[in-house]
Novice: 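My questions will all concern the structure given below.
Only heavy atoms go into these numbers, but all of them, side chains included; no hydrogens, no water, no symmetry mates. What you are looking at is a predicted structure, and each value in this text was computed from that prediction instead of being measured. Chain letters run A, B, ... following the sequence lines, proteins first, then strands; residues in each count from 1.
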Amino acid sequence: MAVDVTAEGTDKLFTYLVPRSLAGRLTPGQWVRVPFGGRRLVGLYVGPAERPPEGVALKEIAGLLPDIPPIPAPLVQLARWTADRYLSTFPAALRLLLPTEARRQEVRTLTITNYRLNVDDVEALVSELRRRAPRQAELLAYMARVGGEAERAQVLADLGESIAGPIRVALEKGWLTAGRVARRRDPFADEHVEPAPPPVLTPEQEQALASIRQELIAPPAFRQPVLVHGVTGSGKTELYLRAIALVREMGKNAICLVPEISLTPQMIQRFRARFGGDVAVLHSALSAGERFDEWQRIRRGEVSIVVGARSAVFAPFENVGLIIIDEEHEQSYKQEAPPPAYHAREVAAERARLEGALLVLGSATPALESFHLAQTGVYRLVSLGHRIDNRPLPPVTLVDMREELRAGNRSIFSRALVEALDQTLSAREQAILFLNRRGYNTFIMCRSCGEAIQCVHCAVALTYHLGDDHLACHYCGYTAPVPLVCPSCGSDKIRHLGAGTERVEQELQRLYPHVRVARMDVDTTRRKGAHAAILKRFADHEVDVLVGTQMITKGLDFPGVTLVGVVLADTSLNLPDFRAAERTFQLVTQVAGRAGRGDRPGRVIVQTYQPDHAALQAAAEHDYHRFFAEEIRFRQELDYPPFAHMIHLVISGEDEAAVAATAQNVHRVLAEGGFGGQILGPAPAPLAKLRGKYRYHLVLKGPDVRAMAAEVKACFAAARGKWRASRSVSLSVDVDPVSIL
DNA sequence: AGCACGCCGACT
DNA sequence: GTCGGCGTGCTC
Ligand SMILES: [Zn+2]
Ligand SMILES: [Zn+2]
């Protein structure tokens, strides 16, 4: 029998003997526990071994994971595909199919104690006890009153904590018996949701829904994925809810992926208001136990809808009819850290193909890859060009900050933005100010020698934080006091440059002392619930201006907001990354979409030093098509995605010479191994040092990812024995990277 | 990830 | 001559 051991870093199958106790109980896809080098590991039974390895003493499978049935075959296939496509080991991909809680020695479940009354003539006993032991009598009378059975927590709540003593006595006397019941850990136990009737659809929504319906009933071979391109506020979520209702009527299940940051209580409420308890939620804010219980509900078929972040694409459903990806352009769908570095959109497409489901992607700013597939006829394009109730999209003004400097305005706010703020605030309306940098100053530099103060562990400038009065590294968390003299030349002419959200907040407060300002960024939302608290204060208009980073751009719906200001749009434009323009366009469009969602029209002011940049101009016109036409040409000319695929290899380690040498060796292995695509590099990565480790990188380019991935794997396999990277350096592989820093 | 094995420098 | 560091390979 072959068992795939979930030991990271190994892609081998291992053979085990099936103990008599498991004979006949093993089906492929079953999770098992096996001894492995002195330890117990979780493995996946993939099937009988064709021929047992020679000269090895086989061990026996220790047992099954309790209460976890075999993974359905399409999901095992999906894991295999993910491992191949994203160049990870099979066990690493399998890890996505099993919540961590399920691999524990003992799965912890939430159990509650309940008591049952065990007395024939309660009345007699109660009256007998009344004088001698009034609390005893009270307890027994209570038990009789509630029908002979009650949960311990309820008894304590109703009769007071001091009833614990009498309960113990009653148990000893045999008047009560105790039992334990498993209870689902329900993350929404405290919330009660009113069912909400579906609103009337706009004609555009009706049309879009009709297209989705057509694809849903089409035979799988003719089924086309649907790309919903809907402007901000056009009612995409309602469309998803309707589509889900359709598949549910067809007796199939639906998965709806939502970016982690948008998976707010409000979003979940919308699903529960429509579908009640038929919804399971999977996201990282759940405790391991809650996550496991939600996972079990999905697996057992107790729900037909899953709403979740990236990893929910692996939800243990059978019979999936629909996979929706909301805000499909979002980068958070790309896994970065533990391999496989998969993109949920790609995995969803493959899962839909494997299971004959319909894939629906939605965005106001589709990823270039997705819109390209729509243009080439692979996806069916559905457009929602108007906001609900025909509310206009807010006009966007680009303000040239060079002009401001020339006019002698050295403030971070342009005259136009100040004027707009004046008007908005005096009309008692709300504003959002967006800047994609936190902290007070983004770097500190010496005026004598020009040196910027860097993190000791990373090749990154330190940011000054006013609140903590120190310099901090946003990559590794290192902090240092603000130096009085330059660390490299000793000069005291130290200059603070570049503004972050803290600075914006402070300047704003100085300009408008009576205006209520709140700041939302990683620094103010570290505490659990802080995020929701800030948004609530803003929603209740206890705050006039919300200053924030990325996290305020996503799906927030505040009707009172009539002004959105982008303090500096250039920050994401100048990154050494081929997606810089796309990211900027998305950011500006999304944040602009927060304005004018209520009855009063909104407007947007975007400050920039590059007002002629095509991405900004297109965003200002709300013209996705123009942006796309421009950007796709650039991508084609330079052979970037979607015309080519990339594989990003990063070699890192503490010894720079060893890192450089390894990077060179990796290049050799690929070149000599006959890798067919382009090999760029090695070169020091743009982020040359991170957390004390030097970083070198190579970029591989070619038209066919799966072929490239297979070739890379073959090259390393061929080199095995001849050369292997030492353990002091590590190699990370990112297929179709979202950025190549 | 943990453990054994082996090579090389430092010290009894 | 031996002890122990660490870099490397293997675990059915
Ligand atoms: Zn750092
Ligand atoms: Zn200096």
Novice: Heavy-atom count around A/Arg300 CZ within 6.0 Å, excluding the residue itself: above 12?
Specialist: yes

Novice: B/dC3 P sits how many Å from A/Leu41 CG, rounded?
Specialist: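 It works out to 12 Å between those atoms.
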
Novice: Does the cation-pi check pass for A/Lys59 over A/Phe36, that is, NZ or CZ under 6.0 Å from the six-membered ring centre and within 45° of its axis?
Specialist: no

Novice: CZ of A/Arg40 versus C1' of C/dC12: gap in Å, rounded?
Specialist: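 Answer to the nearest Å: 15 Å.
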
Novice: Just the rounded figure in Å: distance from C1' of B/dA4 to CZ of A/Arg727.
Specialist: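 Checked: the CZ to C1' distance equals 12 Å.
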
Novice: Could you state the CG-P distance from A/Asp11 to C/dG9, rounded to the nearest angstrom?
Specialist: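 Taking CG of A/Asp11 and P of C/dG9, I get 17 Å after rounding.
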
Novice: Between atom CG in A/Leu13 and atom P in C/dC10, what is the gap in whole Å?
Specialist: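 Taking CG of A/Leu13 and P of C/dC10, I get 17 Å after rounding.
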
Novice: Please enumerate all residues that pass side chain to side chain donor-acceptor pair (under 3.5 Å) together with A/Tyr464, with sequence neighbours excluded.
Specialist: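 By the side chain to side chain donor-acceptor pair (under 3.5 Å) rule, A/Tyr464 matches A/Asp469.
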
Novice: Whole angstroms only, please: what is the CZ-P distance between A/Phe36 and C/dC10?
Specialist: 12 Å

Novice: To the nearest Å, give me how far apart CZ (A/Arg103) and P (B/dA1) are.
Specialist: 13 Å

Novice: Please report, rounded to the nearest Å, how far the C1' atom of B/dA1 is from the CZ atom of A/Arg39.
Specialist: 5 Å

Novice: Flag this pair as yes if the NZ/CZ of A/Arg80 is under 6.0 angstrom from the six-membered ring centre of A/Phe90 and inside a 45 degree cone about the axis; otherwise no.
Specialist: yes

Novice: If you check the A/Lys12 side chain, which of B/dA1, C/dC10, C/dC12 turns out closest?
Specialist: C/dC12

